[in-house]
Amino acid sequence: MMITLYSYPKLFGVADNNGYGLKVFAFLRLNRVPFQHEHILDASSAPRGQLPYIVDDGETIGDSDTIIAQLTAKYRLAMDATLTLVQRDTNHMVTRMLDDLYWVMSYSRWKDERFWPAFRDAMLREHPTVTEAGLQKAREFNFQRYHFQGIGRYEPQAAYARGLADLQVLADLIPGNAYVHGDRPTSMQGSMVSLRTFISTK
């Protein structure tokens, strides 16, 4: 087994400054799957031009959910093996909600003028190869993404209200001293780890 995970660089002391890369990272760690981690900024060679992606014994696989599904099948990872159909459906719905929450968190870093300077300065400080002009270009690209996705048409407080509503649902679902489906993590935990890390370093 030789897996290499390609994802965005570290930031604020965590393994990836993007929630999707953190989701795959956490999934691999929770399943004790050995892998190498390469941090890159240029996604032009990635499937669909998006990070993260993995190379597994020469096969390139993109999209966090596709990566997790293919690794689970290929290596017979048993993390979700005992889940009921209803529990699997819950995992699916929560994972999709967390994926949508990505847009609110990303908006807060790139679009909200109150938080953009701290994010910009951290990127420039921790990654000397990144230029301010390059970040500005990426910011303009993200503004377009937010507009077409829809979150960019909201004022900050309205955008955050959407995110807070999702977080309240998660707080209602997750026991304070256990996992969602008992005393062991499931694949959904990788998404939650990435969310918790992203929020704590915001």
Are Trp110 and Phe115 linked, directly or through other ILVMFWY residues, by side chains that come within less than 4.5 angstrom of each other? yes
Arg139 to Trp116 six-membered ring, cation-pi geometry met (6.0 Å, 45°): yes
Quick one, Val169 and Met97 - any side-chain contact, counting heavy atoms below 4.5 Å? yes
Measuring only between side-chain heavy atoms, which start at C-beta, is Thr66 closer than 4.5 Å to Ile61? yes
Could you check whether any side-chain N or O of Arg88 sits under 3.5 Å from a backbone N or O of Asp80, counting only pairs where one atom can act as donor and the other as acceptor? yes
Would you say Leu170 ends up clustered with Met93 if hydrophobic residues are merged whenever their side chains have heavy atoms under 4.5 Å apart, either directly or through other cluster members? no
Can you name the closest pair of heavy atoms from Ile67 and Val24 and give their distance? CG2-CG1, 3.9 Å
May I ask you to test the Leu11-Glu126 pair for a side-chain heavy-atom distance under 4.5 Å? yes
Separation between CD (Gln36) and OG1 (Thr4), nearest 0.5 Å, reads 4.5 Å
Quick one: are Phe141 and Lys137 in side-chain contact, heavy atoms under 4.5 Å? no
Is the closest side-chain donor-acceptor distance between Asn91 and Gln87 under 3.5 Å? no
Atom pairs and distances, side-chain donor-acceptor, residues 49-57, under 3.5 Å, sequence neighbours left out:
residue : atom : partner : partner atom : Å
Asp56   : OD1  : Tyr75   : OH           : 2.7
Asp56   : OD2  : Lys74   : NZ           : 3.0
Asp56   : OD2  : Tyr75   : OH           : 3.1
Asp57   : OD1  : Met2    : N            : 3.3

Arg109 side chain to Phe119 main-chain N or O, any donor-acceptor pair under 3.5 Å? no
When every non-hydrogen atom of Arg114 is compared with those of Pro156, the smallest separation belongs to NH2-CB, 3.7 Å
May I have the step-by-step check of ring pair (Phe, Tyr, Trp, His ring centres under 6.0 Å) for Tyr8 and His39, ending in yes or no? CA-CA 5 Å; Tyr8 285 107; His39 298 283; 10.0 Å; no
Shared ILVMFWY cluster between Leu77 and Ile3, side chains joined below 4.5 angstrom? yes
Compute whether any side-chain donor of one residue and acceptor of the other, for Arg145 and Asn142, lie under 3.5 angstrom apart. yes
Is there a side-chain contact between Leu5 and Glu38, using heavy atoms and a 4.5 Å cut-off? no
Identify the two heavy atoms, one from Tyr107 and one from Ile151, that lie closest to each other, and give their separation to 0.1 Å. CE1-O, 3.6 Å
Mind listing the closest non-hydrogen atom pair of Thr131 and Leu124 along with its distance? C-CD2, 3.7 Å
Restricting to non-hydrogen atoms, name the atom on Pro9 and the atom on Asn17 that form the minimum distance, rounded to 0.1 Å. O-ND2, 2.9 Å
Arg29 and Phe35: side chain to side chain contact (heavy atoms under 4.5 Å, CB included), yes or no, with the steps? CA-CA 9 Å; Arg29 292 289 297 272; Phe35 68 100; 4.0 Å; yes
Just checking, any donor-acceptor pair under 3.5 angstrom between side chains of Ser106 and Tyr146? yes
Does Asn31 reach the side chain of Leu71, with side-chain heavy atoms less than 4.5 Å apart? no
Among Arg96, Gln70, His92, which residue meets the side chain to side chain donor-acceptor pair (under 3.5 Å) test with Asp65? Arg96
Do the side chains of Val94 and Leu164 join up, straight or via other hydrophobic residues, at under 4.5 Å, putting them in one cluster? yes
Distance from Ser64 atom OG to Phe27 atom CZ, nearest 0.5 Å? 11.0 Å
Verdict with supporting geometry, Lys23 and Asp16, salt bridge (Lys or Arg N to Asp or Glu O under 4.0 Å): CA-CA 9 Å; Lys23 178 167 68 171; Asp16 189 323; over 6 Å; no
Evaluation steps, salt bridge (Lys or Arg N to Asp or Glu O under 4.0 Å), between Arg162 and Glu155: CA-CA 11 Å; Arg162 287 172 55 90; Glu155 292 299 317; over 6 Å; no
Using 30° and 60° as the class limits, which term best fits the ring planes of Tyr102 and Tyr20: parallel, tilted or perpendicular? tilted
Does any part of the side chain of Ser7, heavy atoms only, come nearer than 4.5 Å to the side chain of Asn18, both counted from C-beta? no
How close do Asp99 and Trp103 get, counting heavy atoms only, and between which atoms? O-CD1, 4.0 Å
